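Some notes on the structure that comes next.
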Amino acid sequence: MSALLPPTERIWWKQPLDRVEGTWIAIALLWCLIMFFMMPYWHVYGKQNTPSEAYRITPQAFQQKAQEMVDKYTVRTEANGALPVVHPPAGSDIYLVARLWQWWPVYELEKGQSYRVHISSMDWMHGFSLQPVNINLQIQPGYDMVVKLTPDTAGPFAIICNEYCGIGHHTMVGRIYVADKKKE
Ligand code: CUA
């Protein structure tokens, strides 16, 4: 029976199921079940899970924590002094501010060290997308998203905003440097 033509029998649903149709339903159902069980499986055994740690925080309180990092650990500046480059101690909690239209500040991290990266927005929703690594997070104001990060490759990484956030969205690009060893 073709679906393109009107059924010859008016009560078509009383006819027995075709073998081919039944086979495809079984294949689709089996695939659904595989996909379904992959979700908990990948949560436990996958290597790149999105973090599930988040706290409530006001933009003001978050901004203040970021400012403290900048005041303490800035090693140089970029963009004619406008953008601080911060080299925090290995293993520390660091604070990355998302706001119109900037990721602030620039961080310089050490390869092989772990950091707890806190990210929050000062205004509305932004998207944290670390390039060229496949990490994607929604960043909301009022929430402190925590990512455990252990860089295993040296070099510059770009942060791109991937949630449309207004006229300057395309200019909202940040940077994280990963250095091989701490410069003295
Ligand atoms: Cu921030 Cu788009």
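We use all heavy atoms of the structure for the numbers below, so side chains are in, but hydrogens, waters and symmetry mates are not. Quick caveat: nothing in here was measured; it's all calculated off a predicted structure. Atoms within a ligand are numbered from 1 in the order they appear, just like the ligands themselves. FYI, the numbering just counts along the sequence from 1.
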Checklist entry - Is it true that some N/O/S atom of His170, main chain or side chain, lies under 2.8 Å from atom 2 (Cu) of ligand 1? => result no
Next on the checklist: Keeping His169 on the side-chain end and Glu163 on the backbone end, is there a donor-acceptor pair under 3.5 Å?
Outcome noted: yes
Checklist entry - From Met172, does some N, O or S atom reach closer than 2.8 Å to atom 1 (Cu) of ligand 1? => result yes
Next on the checklist: For the metal site, I want the angle between atom SG of Cys161 and atom ND1 of His169 with atom 2 (Cu) of ligand 1 at the apex, to 10°.
Outcome noted: 120°
Checklist entry - Tyr177 ring centre to Arg76 NZ or CZ under 6.0 Å, with the angle to the axis within 45°? => result yes
Item to check | Candidate pair Asp123 and Arg99, rule salt bridge (Lys or Arg N to Asp or Glu O under 4.0 Å), full reasoning | outcome: CA-CA 6 Å; Asp123 28 62; Arg99 62 191 176 202; over 6 Å; no
Item to check | Arg175 to Phe157, cation-pi by 6.0 Å centre distance and 45° axis angle | outcome: no
Checklist entry - Closest N/O/S atom of His126 to atom 1 (Cu) of ligand 1, by atom name? => result ND1
Checklist entry - Which value, rounded to 10°, describes the SG(Cys165)-atom 2 (Cu) of ligand 1-O(Glu163) angle? => result 110°
Next on the checklist: Quick test of your reading of the model: are Glu53 and Arg116 salt-bridged, counting only N-O distances below 4.0 Å?
Outcome noted: yes
